[in-house]
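Take a look at the structure set out below.
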Amino acid sequence: MVSGPGLLLVWLYGVMVVGALSRSAYQISTAFDRAPLAYTLSAVAGVVYAFITYSLVRGGDTARRAALVCCALELAGVLAVGTWTLVRPEAFPDATVWSDFGMDYLFIPVVLPVTGMLWLRRKH
């Protein structure tokens, strides 16, 4: 059972799952041709958030290691997409969850994986 700071982490990842997947599902179903890269990246972010949430809830050494690896990959994605959206904004006619390092999401996308990695590493 997850408790304490881990519960907050699970809750925040759960909120991000709902936000990213609902945003991307709406955008893909209504205007995919407008910004296919952005909408696909938002869907990928939602799937990553879902896997991390599941791994944190599941617990155990294997799930924790998987969550740690996914948090690192998530951070790499946020940094890469965030940089890409600043350097080549024309490639993104609409924002992704990770655009501008998650500015539309109060920078939670860049803070969350760092917090997750610190918490996961400390728990071992």
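All heavy atoms count here, side chains included; hydrogens, waters and symmetry mates do not.
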Please determine whether side chain to side chain contact (heavy atoms under 4.5 Å, CB included) holds for the pair Cys71 and Tyr13, giving the CA-CA distance in whole Å, both sets of side-chain angles, and the decisive distance to 0.1 Å. CA-CA 11 Å; Cys71 283; Tyr13 267 112; 3.5 Å; yes
Val114 vs Val110, test: side chain to side chain contact (heavy atoms under 4.5 Å, CB included). Steps then yes/no. CA-CA 7 Å; Val114 173; Val110 77; 5.8 Å; no
Are Trp119 and Leu8 co-members of a hydrophobic cluster defined by side-chain heavy atoms under 4.5 Å apart? yes
Quick one: sort the Trp98 and Tyr49 rings into parallel, tilted or perpendicular, breaks at 30° and 60°. perpendicular
Please give me the minimum heavy-atom distance between Leu21 and Ser24, naming the atom from each residue. O-OG, 3.2 Å
Which pair of non-hydrogen atoms, one from Ala95 and one from Arg23, has the smallest distance, and what is that distance? O-NH2, 3.1 Å
Can you tell which of Val81, Leu86, Val111 makes a side chain to side chain contact (heavy atoms under 4.5 Å, CB included) with Phe101? Leu86
Nearest 0.5 angstrom please: Leu75 CG to Leu79 CG, how far? 4.5 Å
Rounded to the nearest 0.5 Å, how far does CG of Leu68 lie from CG of Asp61? 12.0 Å
Does Val48 share a hydrophobic cluster with Ile28, counting links as ILVMFWY side-chain heavy atoms below 4.5 Å and allowing steps through other members? no
Answer yes or no: is there a donor N or O on one side and an acceptor on the other, between the side chain of Thr85 and the main chain of Gly82, under 3.5 Å? yes
So, taking the atom named OG in Ser99 and the one named CG in Leu41, what distance separates them when rounded to the nearest 0.5 Å? 8.0 Å
As an exercise, state the distance from CG of Asp94 to CG of Leu37, rounded to the nearest 0.5 Å. 11.5 Å
Measure across Ala31 and Tyr39 and return the closest heavy-atom pair with its distance rounded to 0.1 Å. O-CE1, 3.0 Å
Which pair of heavy atoms, one from Gln27 and one from Ser42, lies closest together, and at what distance? OE1-OG, 4.5 Å
Test log, rule side chain to side chain contact (heavy atoms under 4.5 Å, CB included), inputs Met16 and Thr53: CA-CA 10 Å; Met16 293 305 292; Thr53 304; over 6 Å; no
Take atom CZ in Phe107; do more than 12 heavy atoms of anything else shown fall under 6.0 Å from it? yes
Linking I/L/V/M/F/W/Y whenever any side-chain heavy atoms sit under 4.5 Å apart, do Val69 and Val17 land together? no
Transitively linked via ILVMFWY side-chain contacts under 4.5 Å: Tyr54 with Val57? no
Nearest 0.5 angstrom please: Thr96 OG1 to Tyr105 OH, how far? 8.5 Å
Quick one: sort the Trp84 and Phe92 rings into parallel, tilted or perpendicular, breaks at 30° and 60°. perpendicular
Cluster check Val47, Tyr26: I/L/V/M/F/W/Y, side chain < 4.5 angstrom: no
In Å, rounded to the nearest 0.5 Å, how long is the span from CG of Leu112 to CG of Leu9? 5.5 Å
